[in-house]
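Every value quoted in this text rests on a predicted model; they were computed, and no experiment measured them. In what follows, chains are A, B, ... by sequence order, proteins preceding strands, each numbered from 1.
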Amino acid sequence: MPTPQRTRIQTLLTAETTDDAPNPVTVSGWVKTVRSSGGVAFVQINDGSSLADLQIVVDANCPDYPLVDRLTTGCSLTAIGVLRESPGRGQRYEVAADSLTLLGDADPEEYPLQKKRHTLEFLRELAHLRPRTNTFGAVARVRNAMAFGIHQFFQQRGFLYVQTPIITASDAEGAGAMFRATTLDLNDLPTQGGQVDNNADFFGRPAFLTVSGQLEAEIFSQAMSDVYTFGPTFRAENSNTSRHLAEFWMVEPEVAFCDLDGLAQLAEDFLRSIFAHVLDNCSEDMAFFNRFYDKELITTLEDIANSDFERMTYTEAVNALQASGESFEFPVQWGSDLQSEHERYLTERKVGRPVIVTDYPSAIKAFYMRLNSRAPGDQGETVRAMDVLVPRIGEIIGGSQREERLDVLQTRMAEAGLDDAPYWWYLDLRRYGTTPHAGFGLGFERTVQFATGMQNIRDIIAFPRTPRSAEF
RNA sequence: UCCCCUGUAGCUCAGCGGUAGAGCGGGCGGCUGUUAACCGCUAGGUCGUAGGUUCGAAUCCUACCAGGGGAGCCA
């Protein structure tokens, strides 16, 4: 006789009536906690399908009742029984067990997860077990929903999902230090004239892990019009903060026939859409985060989903900061980049919701950003760049309208000290049928971090990679 | 990479120059419906590592390692 198919706990807990469940019903999961009181035991199990556990009631009439003594936090089991209204408080339904099968035990003297709160720092050392906790289960479900919501947003707007390469030979994309990808024996490097012979490496040249799919996404935008990427990105920066990872996921739309205003509107629609999506689809998990991590979380996200973002130019931002009367650690002056404290003042104190800052000085931005025509009275050259700033996290999106004019782009590259030869294909896009186009990069983990109220980005990705840390 | 804080029982922490503690978790026992269950008993620690100061160091000093917060870099 085949094993009866199990019913997911989430399905049972959201059933209209007990009649909607199979009778008998089979449930499986991992034990969260066991309580026993004389002749009856209560076993709470979770299978990851919902935040809430299912209570299995095992009384002395059940032939497997003696098994209860061996049930401890962490062990896995299957129960077959009847779904019924629970007379106890704390849950609507429970399953009265007719049979119980212990699938795998978990020695309580060794199993590190206890039926009590653990610190996030401790759980970070147990990345293989932490998905079994309420918090990390909720993060996993919200992260999943947001990834789906992102695809849904772009697909509904006709964007093409493109997969850009992880390995790249461009070593100067301008977005930070890169990891080297090589098959050379580092203990015995082939040399040529006293230098490492890169010709002997796998690709016959130095290769790296990508820091952005932007340049390749631009190629497809110049054929398919509206495209986006969603994939892993690698930065070898020695960043030790609650907002940085060496390996993270980035969403990068690239839109042809679009200027910065269109891009800013896209970014705003996009963020509002995915926050609305997570509120609509993860209400149980979001209530959990709201209760235990950030009491204002749901209100904040609802506000964002329902109100326009503030827009200001860099010059306006500088003026506002200088007029704020705040004493900043770093002085605010036109031409220097906005510091974290400045960004946080703008989004948290001055505006109180997301802010899109545009038109930064060209000197502090990348070569590929479109140069503005300089008007009389301007304090310097600016480019059509934008950053979307949100409370608590700071920069969540960075983007720009791209420089589509070949001569201007070449001048900018020369000014940046870049050899344009390796970029021949990028320049070809400006030679043949160039278009005004724009794109941005969204840090996926930062977005999930913001949506959940979690303080540390290392708790947003399942297996965080940070300096000196790559366990699991 | 820089600045600050913290490493004591499985976990969370107290102790801050004079024989190492609590709560939770674990073990054993009790309790016929529990909800971080409850009640009783009990085991459990080279006080991050290595030096130094001292009659004596978990406690003071130095270095290193690890974790956290902030900054820079950015998403």
Side-chain angles (χ1 to χ4, degrees), chain A residues 32-44 52-61 65 68-69 72-74 84 86-91 94 96 106-126 134 173-177 211-214 231-252 267 328-330 337-344 364-366 387-390 393-399 440-450 455-461 466-469 471:
Chain A
K32 276 284 187 59
T33 175
V34 182
R35 298 176 290 272
S36 81
S37 180
V40 62
F42 305 89
V43 185
Q44 259 179 248
D53 303 324
L54 177 69
Q55 175 165 285
I56 314 269
V57 184
V58 192
D59 64 28
N61 297 324
Y65 179 73
V68 165
D69 286 342
T72 56
T73 301
R84 66 184 188 196
S86 175
R89 275 181 298 185
Q91 61 283 315
E94 63 189 19
D107 184 348
E109 300 219 37
E110 301 205 346
Y111 186 65
L113 296 182
Q114 304 169 357
K115 53 180 177 187
K116 55 172 271 194
R117 267 202 56 175
H118 282 117
T119 59
L120 298 171
E121 291 80 7
F122 174 65
L123 292 172
R124 231 165 266 154
E125 300 167 6
L126 303 171
N134 289 339
E173 292 182 29
V211 292
S212 166
Q214 178 198 321
T233 304
F234 307 89
R235 304 274 168 92
E237 299 287 354
N238 190 9
S239 297
N240 294 287
T241 82
S242 57
R243 305 180 306 281
H244 287 86
L245 292 166
E247 175 183 294
F248 63 100
W249 286 62
M250 190 152 65
V251 179
E252 296 179 284
F328 295 111
E329 188 184 344
F330 296 93
D337 210 352
L338 300 179
Q339 304 288 315
S340 283
E341 57 175 341
H342 305 146
E343 294 180 344
R344 293 190 64 158
I364 58 172
K365 289 292 182 184
D387 282 356
V388 180
L389 311 177
V390 297
I393 308 283
E395 184 179 346
I396 199 169
I397 282 179
F440 65 73
L442 167 103
F444 182 53
E445 282 78 14
R446 285 188 185 175
T447 310
V448 179
Q449 195 182 349
F450 181 73
Q455 299 281 321
N456 196 310
I457 200 166
R458 292 164 196 177
D459 300 325
I460 296 302
I461 193 162
T466 54
R468 306 197 61 81
S469 177
E471 191 70 51

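- Looking at the side chain of A:Ser340, the nearest of the listed nucleotides B:G72, B:A75, B:U1 is B:G72.
- Using a 5.5 Å limit on the distance between ring centres and a 30° limit on the angle between planes, the aromatic ring of A:Phe248 counts as stacked on the six-membered base ring of B:A75.
- Each of A:Gln91 and A:His118 was assigned the nucleotide of RNA chain B with the nearest heavy atom; the assignment lying further toward the 5' end belongs to A:His118.
- Closest heavy-atom contact between A:Gln449 and A:Arg243: OE1-CA, 4.5 Å.
- Nucleotides B:A66 and B:G23 place their C1' atoms 26 Å apart, quoted to the nearest Å.
- The 5' end of RNA chain B is approached more closely, in terms of each residue's nearest nucleotide, by A:Thr72 than by the other of A:Thr72 and A:Ser36.
- Among all heavy-atom pairs drawn from A:Ala96 and A:Arg84, the shortest one is CB-NH1, 3.4 Å.
- Using a 4.0 Å heavy-atom distance criterion, A:Gly88 is classed as a base contact.
- Counting only heavy atoms from C-beta on, A:Gln114 has its side chain closest to B:G25 among B:G25, B:G69, B:C73.
- Comparing B:C38 with B:C13, their C1' atoms are spaced 24 Å from each other, to the whole Å.
- OP1 or OP2 of B:A71 sits under 4.0 Å from a side-chain N or O of A:Arg243.
- Rounded to whole Å, the separation between the P atoms of B:A57 and B:G18 comes to 11 Å.
- Between B:U32, B:G69, B:U12, one nucleotide has an atom nearer to the side chain of A:Phe122 than all others, and that is B:U12.
- Scanning atom types as modelled, one donor and one acceptor separated by under 3.5 angstrom connect the side chain of A:Arg84 and the base of B:G33.
- A distance of about 47 Å separates the C1' atoms of B:C4 and B:U34, rounded to the whole Å.
- In this structure, A:Lys115 atom NZ and B:U12 atom C1' are separated by 17 Å, rounded to whole Å.
- Applying the 4.0 Å criterion to OP1 and OP2 of B:A37, one finds that A:Arg35 has a side-chain N or O inside that range.
- Residue A:Ser37 places no side-chain N or O under 4.0 Å from the OP1 or OP2 atom of B:C31.
- Nearest heavy-atom pair, A:Glu252 versus A:Ser212, reported as atom, atom and distance to 0.1 Å: OE2-OG, 2.8 Å.
- Rounded to the nearest Å, the gap between the C1' atom of B:C64 and that of B:C24 is 33 Å.
- In terms of modelled atom types and a separation under 3.5 Å, the side chain of A:Gln44 and the main chain of A:Asp53 share no donor-acceptor contact.
- Checking side-chain atoms of A:Glu247 against main-chain N and O of A:Pro232 turns up no donor-acceptor pair under 3.5 Å.
- Across B:A75 and B:C65, the matching C1' atoms stand 30 Å from one another, rounded to whole Å.
- No contact: A:Thr233 has no heavy atom under 4.0 Å from any strand.
- Two residues are said to be in side-chain contact when any heavy atoms from C-beta on lie closer than 4.5 Å; A:Val40 and A:Val57 meet this criterion.
- Closest of all the heavy-atom pairs between A:Thr73 and A:Tyr111 is O-CD2, 3.3 Å.
- Between the side chain of A:Thr72 and the main chain of A:Ala106, a donor-acceptor pair closer than 3.5 Å is present.
- In terms of modelled atom types and a separation under 3.5 Å, the side chain of A:Thr233 and the main chain of A:Val211 share no donor-acceptor contact.
- Residue contacts for A:Ile393: at a heavy-atom cut-off of 4.0 Å it reaches no nucleic acid atom on any strand shown.
- Atoms OH (A:Tyr111) and C1' (B:G10) sit 13 Å apart, rounded to a whole Å.
- The phosphate of B:A75 (OP1 or OP2) has no side-chain N or O of A:Thr447 nearer than 4.0 angstrom.
- Residue A:Pro108 has its side chain nearest to B:G27 when only B:G27, B:U34, B:A75 are considered.
- Atom-to-atom, CD of A:Glu110 to P of B:G10 comes out at 12 Å; the value is rounded to the nearest Å.
- Comparing the C1' positions of B:G44 and B:G21 gives a spacing of 13 Å, expressed to the nearest Å.
- Residue-level contact check: A:Glu94 touches the bases, meaning some heavy atom is under 4.0 Å from a base atom.
- Under a 3.5 Å cut-off, the side chain of A:Gln91 and the backbone N or O of A:Ser86 do not form any donor-acceptor pair.
- Following rounding to the nearest Å, A:Asp107 (CG) and B:G10 (C1') show an atom-to-atom distance of 12 Å.
- The nucleotide whose nearest atom lies closest to any side-chain atom of A:Asn240 is, among B:U1, B:G72, B:U32, B:U1.
- Taking only distance into account, the side chain of A:Ser239 never meets the base of B:C74 through a donor-acceptor pair shorter than 3.5 Å.
- In this structure, B:A71 forms a base pair with B:U1, meeting either the Watson-Crick or the G-U wobble geometry with both donor-acceptor distances under 3.5 Å.
- Considering OG1 of A:Thr119 and CZ of A:Arg124, their distance stands at 8.5 Å, rounded to 0.5 Å.
- The A:Lys116 side chain lies nearest to B:G25 when the options are B:A75, B:G25, B:G69.
- When rounded to the nearest whole Å, the span between CZ of A:Arg89 and C1' of B:G33 equals 12 Å.
- Remark: B:A43 base-pairs with no nucleotide in the shown strands. Criterion, Watson-Crick or G-U wobble with two distances under 3.5 Å.
- Pair assignment for B:C60 gives B:G52, based on Watson-Crick or G-U wobble hydrogen-bonding distances that are each under 3.5 Å.
- Taking atom CZ on A:Arg344 and atom P on B:G69, their separation rounds to 13 Å, with Å as the unit.
- If you take atom C1' in B:C11 and the same atom in B:G30, they sit 26 Å apart, rounded to whole Å.
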Under 3.5 Å, N/O pairs linking protein and nucleotides 63-67 of chain B:
unit_1, atom_1, unit_2, atom_2, d
B:A66, OP1, A:Arg468, NE, 3.0

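- Of the nucleotides present, none pairs with B:G33 by Watson-Crick or G-U wobble criteria with both distances under 3.5 Å.
- Base-pair partner of B:U6: B:A66 (Watson-Crick or G-U wobble, both distances under 3.5 Å).
- The nearest whole Å value for the distance from the CD1 atom in A:Ile457 to the P atom in B:G69 is 12 Å.
- Of the listed nucleotides (B:C73, B:A75, B:G33), B:G33 has the atom at the smallest distance from the side chain of A:Gln55.
- We find that NE2 of A:His342 is positioned 12 Å from P of B:A71, with the value rounded to whole Å.
- Under 4.0 angstrom from either OP1 or OP2 of B:G70 there lies at least one side-chain N or O belonging to A:Ser242.
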